[in-house]
Amino acid sequence: MTKKLETYFTYKLDLIKSEAVRQVNELYRKELGLVVRDLRVLRQIGDAPGISVSALQAATFIEKTVLSKVVSRLIELGLAERSISARDARAFELTLTARGRRMREQADRIGGGHEREVMFGDFSEQELHQLDALLDKLMRSLRAARDGGTGEAA
């Protein structure tokens, strides 16, 4: 029997991701002048002050040339700064400026509100916990399969 496209998990996930990103991009662009990708980079720099560009790329899964443009833009906007690494003079470290930290706080409020009110507004606390646990289980299964395991989650 042929399976319909709409029944594939990866298809549904792609639709959910696309719509969610479209909606928050609209909010972030209107309120902050930034988009999701910019804020992912900003948040990761904030979570790991002094992060190198290569570590940032590994953490955000953003292609290097695109990431370079995002980082340059954040620096131009005064949200992040680049300095030479104390450990390796050939490398740069990225940190948020005070303005970048304030921007992140605003973005977190906007994104958190959108998740609570729009994305998950119809979910009970129990459903949210269950969804989170199921997504964690799925990620463990996918990582185990990637790493040569059986794919079964613990």
Side-chain angles (χ1 to χ4, degrees), residues 5 8-120 128-129 131-154:
L5 175 62
Y8 281 91
F9 175 73
T10 53
Y11 178 75
K12 287 180 182 182
L13 191 60
D14 194 42
L15 289 178
I16 292 166
K17 178 223 174 226
S18 294
E19 183 57 23
V21 169
R22 186 195 65 73
Q23 287 182 21
V24 293
N25 267 343
E26 195 175 294
L27 277 173
Y28 289 143
R29 198 177 282 118
K30 182 178 139 197
E31 298 290 325
L32 306 172
L34 299 173
V35 294
V36 168
R37 185 173 27 216
D38 301 331
L39 292 165
R40 282 190 183 143
V41 172
L42 188 80
R43 287 178 173 119
Q44 187 59 42
I45 294 169
D47 288 348
I51 192 170
S52 69
V53 175
S54 59
L56 184 59
Q57 195 271 325
T60 59
F61 304 104
I62 299 172
E63 195 269 324
K64 285 183 183 183
T65 56
V66 173
L67 180 61
S68 178
K69 290 176 185 176
V70 171
V71 168
S72 293
R73 182 163 185 259
L74 294 176
I75 291 169
E76 287 171 18
L77 292 171
L79 302 174
E81 47 194 12
R82 178 179 14 223
S83 59
I84 296 174
S85 170
R87 295 176 300 258
D88 182 354
R90 299 167 296 173
F92 291 101
E93 295 178 344
L94 299 165
T95 55
L96 294 184
T97 62
R99 183 172 180 215
R101 288 187 296 277
R102 287 191 303 274
M103 180 70 76
R104 186 213 172 132
E105 289 172 7
Q106 280 184 276
D108 288 351
R109 279 193 300 277
I110 292 166
H114 181 75
E115 283 188 359
R116 274 187 314 280
E117 296 164 21
V118 177
M119 290 178 64
F120 302 116
L128 284 173
H129 290 298
L131 176 61
D132 192 45
L134 290 169
L135 290 172
D136 286 345
K137 184 176 183 178
L138 176 59
M139 196 66 229
R140 285 191 305 271
S141 294
L142 291 169
R143 285 183 176 145
R146 176 196 66 201
D147 297 339
T150 63
E152 293 178 6

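The structure presented is a predicted model; accordingly, all values stated were derived computationally and were not measured. Side-chain atoms are counted along with the backbone in the values below, which use heavy atoms only and exclude waters and symmetry mates.
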Original post:
Under 3.5 Å, is there a donor-acceptor pair linking the side chains of S85 and E93?
Top reply: yes
**OP:** Please indicate whether I84 has more than 12 foreign heavy atoms, meaning atoms of other residues, nucleotides or ligands, lying under 6.0 Å from its CD1.
**Re:** no
**OP:** Using a 4.5 Å cut-off on heavy atoms from C-beta on, say whether the side chain of L34 contacts that of L77.
**Re:** yes
Original post:
Around atom CZ of R37, are there more than 12 heavy atoms of other residues, nucleotides or ligands at under 6.0 Å?
Top reply: no
**OP:** Check whether any side-chain N or O of N25 sits under 3.5 Å from a backbone N or O of V35 as a donor-acceptor pair, and report yes or no.
**Re:** no
**OP:** Only counting residues at least two apart or in another chain, list the ones meeting side chain to side chain donor-acceptor pair (under 3.5 Å) with Q44.
**Re:** none
Subject >> From R102 atom CZ to L96 atom CG, the distance as rounded to the nearest 0.5 Å >> reply: 11.5 Å
Subject >> Gap between atom CZ of R82 and atom OG1 of T95 - 0.5 Å precision >> reply: 11.0 Å
Original post:
Going from CE on M103 to CZ on R43, what distance comes out if it is rounded to the nearest 0.5 angstrom?
Top reply: 11.5 Å
Original post:
Distance from L74 atom CG to E81 atom CD, nearest 0.5 Å?
Top reply: 12.0 Å
Original post:
Less than 4.5 Å apart, any side-chain heavy atom of D38 and any of Y28?
Top reply: no
Original post:
Can you tell me if S141 uses its side chain to pair, donor with acceptor, with the backbone of K137 under 3.5 Å?
Top reply: yes
Subject >> Carboxylate-amine/guanidinium proximity below 4.0 Å for D108 and R104 >> reply: yes
Original post:
Salt bridge or not for E26 and R22, using N-O below 4.0 Å?
Top reply: yes
Subject >> Minimal non-hydrogen separation, M119 against A20, with atom names >> reply: CE-CB, 4.2 Å
**OP:** Please say which of L27, L79, L42, I110 ends up in a side-chain contact (heavy atoms from CB on, under 4.5 Å) with L32.
**Re:** I110
Subject >> Shortest non-hydrogen contact between A80 and I45, atoms and distance >> reply: CB-CD1, 4.4 Å
**OP:** Could you grab the distance from atom OH of Y8 to atom CG of L15, nearest 0.5 Å is fine?
**Re:** 14.5 Å
**OP:** Taking side-chain contact (heavy atoms from CB on, under 4.5 Å) as the test, write out the residues that go with R116, two or more places apart.
**Re:** none
Return all side-chain donor-acceptor pairs below 3.5 angstrom for residues 48-63, not counting sequence neighbours, or 'none' if the list is empty.
| unit_1 | atom_1 | unit_2 | atom_2 | d |
| --- | --- | --- | --- | --- |
| S52 | OG | S54 | OG | 3.2 |
| S52 | OG | A55 | N | 3.1 |
| Q57 | NE2 | I62 | O | 3.1 |
| T60 | OG1 | L56 | O | 2.8 |
| E63 | OE1 | T65 | N | 3.3 |
| E63 | OE1 | T65 | OG1 | 2.4 |
| E63 | OE1 | V66 | N | 3.4 |
| E63 | OE2 | T65 | N | 3.4 |
| E63 | OE2 | T65 | OG1 | 3.3 |

Original post:
Are any non-hydrogen side-chain atoms of R146 and R143 less than 4.5 angstrom apart?
Top reply: yes
**OP:** Could you grab the distance from atom CG of L5 to atom NZ of K12, nearest 0.5 Å is fine?
**Re:** 10.5 Å
